[in-house]
Structure formats: structure tokens, C-alpha cells
Amino acid sequence: MVENLQPIGEDFSKSIEDLAEHAGEVALDIYRTELDKGSKQTQAFSKAIDAAKNVMMDSGCPLDICDLLADAAINGYKTFIDKNPHGDPMEAFDAAGEFVNDALDSEFRNY
């Protein structure tokens, strides 16, 4: 549980991008740590996404938004891996982030 984050509550439309960015930073740290420990790339990514989703949920993000962003990250990651089976692990992570940004843009375009 991330204790230093404040709930996003009613101000969620103004802070979801910041929360998603923070969750992405947490995920990246975990992803790198897992890769450095020798974990398989997909296992490292799975742990990273679980952590990012937990950060968002612990901060009061609605489950449907957390699921939307986690699914976007997974789709971006899988799309990259399918096209680049021997690609750079960091590029795969970046692709996941691009899909999350696209989902954020799509979901919150009118706010």
C-alpha cells in the first residue's frame, strides 16, 4: 500500500494523469528491478502492472479506470512483443506507456 499518496476523490478528472504517471514510475522501477534480478520479461511486466494498479486503487481511482489503464498497458506491451519478439525490454515497456497515454487521451478528452 502506498501511504504517501492522497486520495484523488472528487478531483479525479484533474489528477488522473498525474496519478497514472506516478503509477507508471512505480511500475518502471519494479520492472527494472525484476529484470535485474533475472526474472522473465513477461513476469517482470506482470508484477509492474499489478503494482501500478495497486497504487492507483490505493489512491482512490475507480476500478473501471484502473482496469482500463492496466488493460491498455498490457495491450501495448503484448502488441510490441508480438511484433518484436526479441525486442528491447525497455522499448516494450515504453510501448505499454504509449497505450496508457492513448487511453487517457481517449477517456478524458472532454474534461
Side-chain angles (χ1 to χ4, degrees):
M1 178 183 238
V2 178
E3 296 176 12
N4 62 343
L5 287 179
Q6 299 298 315
I8 54 177
E10 296 300 316
D11 196 25
F12 126 99
S13 67
K14 294 182 183 178
S15 62
I16 191 69
E17 290 87 357
D18 291 338
L19 179 57
E21 183 176 333
H22 175 69
E25 291 168 1
V26 169
L28 178 58
D29 186 47
I30 289 171
Y31 185 65
R32 285 183 175 154
T33 299
E34 288 298 315
L35 290 175
D36 289 346
K37 289 190 324 189
S39 296
K40 291 183 180 182
Q41 187 175 334
T42 54
Q43 181 183 22
F45 186 75
S46 178
K47 286 184 179 184
I49 291 303
D50 287 346
K53 189 172 177 180
N54 286 336
V55 164
M56 294 190 69
M57 290 180 65
D58 288 349
S59 298
C61 184
L63 181 59
D64 60 331
I65 299 299
C66 292
D67 287 343
L68 172 85
L69 299 179
D71 290 346
I74 292 166
N75 289 336
Y77 187 82
K78 285 183 177 181
T79 298
F80 181 87
I81 296 296
D82 288 347
K83 291 180 181 177
N84 307 283
H86 302 290
D88 181 85
M90 296 314 299
E91 288 180 16
F93 190 89
D94 290 343
E98 289 174 22
F99 272 57
V100 169
N101 289 337
D102 290 347
L104 284 168
D105 289 345
S106 174
E107 188 70 23
F108 298 102
R109 169 180 344 188
N110 297 321
Y111 287 91

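Note that the structure is predicted; figures quoted are calculated from it, not measured.
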Legend entry - Full working for side chain to side chain contact (heavy atoms under 4.5 Å, CB included) between Leu69 and Met56: CA-CA 10 Å; Leu69 299 179; Met56 294 190 69; 3.4 Å; yes
Legend entry - Closest non-hydrogen atom pair, Gly87 against Gln41: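 That closest heavy-atom pairing would be O-OE1, 4.5 Å.
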Inset, instruction - Grab the two heavy atoms, one from Glu34 and one from Ser39, that are nearest each other, plus how far apart they are. - result: OE1-OG, 2.7 Å
Legend entry - Worked verdict on Asn101 versus Glu17 for side chain to side chain contact (heavy atoms under 4.5 Å, CB included): CA-CA 9 Å; Asn101 289 337; Glu17 290 87 357; over 6 Å; no
Legend entry - Test side chain to side chain contact (heavy atoms under 4.5 Å, CB included) applied to Ala73 - qualifying residues, sequence neighbours left out: Phe45, Ile49, Ala96, Val100
Following the transitive rule for hydrophobic clusters with a side-chain heavy-atom cut-off under 4.5 Å over Ile, Leu, Val, Met, Phe, Trp and Tyr, establish whether [X] and [Y] coincide in one cluster.
| X | Y | result |
| --- | --- | --- |
| Met90 | Ile30 | no |
| Leu68 | Tyr77 | no |
| Leu35 | Ile74 | yes |
| Val55 | Ile65 | yes |
| Leu28 | Phe80 | yes |

Legend entry - Any donor-acceptor pair under 3.5 Å from Ser46 side chain to Thr42 backbone: no
Separation between [atom1] of [X] and [atom2] of [Y], rounded to the nearest 0.5 Å:
| X | Y | atom1 | atom2 | value |
| --- | --- | --- | --- | --- |
| Thr33 | Asp29 | OG1 | CG | 4.5 Å |
| Asp82 | Asn75 | CG | CG | 10.5 Å |
| Lys47 | Asp50 | NZ | CG | 9.5 Å |

Inset, instruction - Start with the C-alpha gap between Glu107 and Ile16, add the side-chain angles, then the distance that decides, and say whether side chain to side chain contact (heavy atoms under 4.5 Å, CB included) holds. - result: CA-CA 11 Å; Glu107 188 70 23; Ile16 191 69; over 6 Å; no
Inset, instruction - Verify side chain to side chain contact (heavy atoms under 4.5 Å, CB included) between Lys53 and Leu63, making sure each step is shown before the conclusion. - result: CA-CA 9 Å; Lys53 189 172 177 180; Leu63 181 59; 4.2 Å; yes
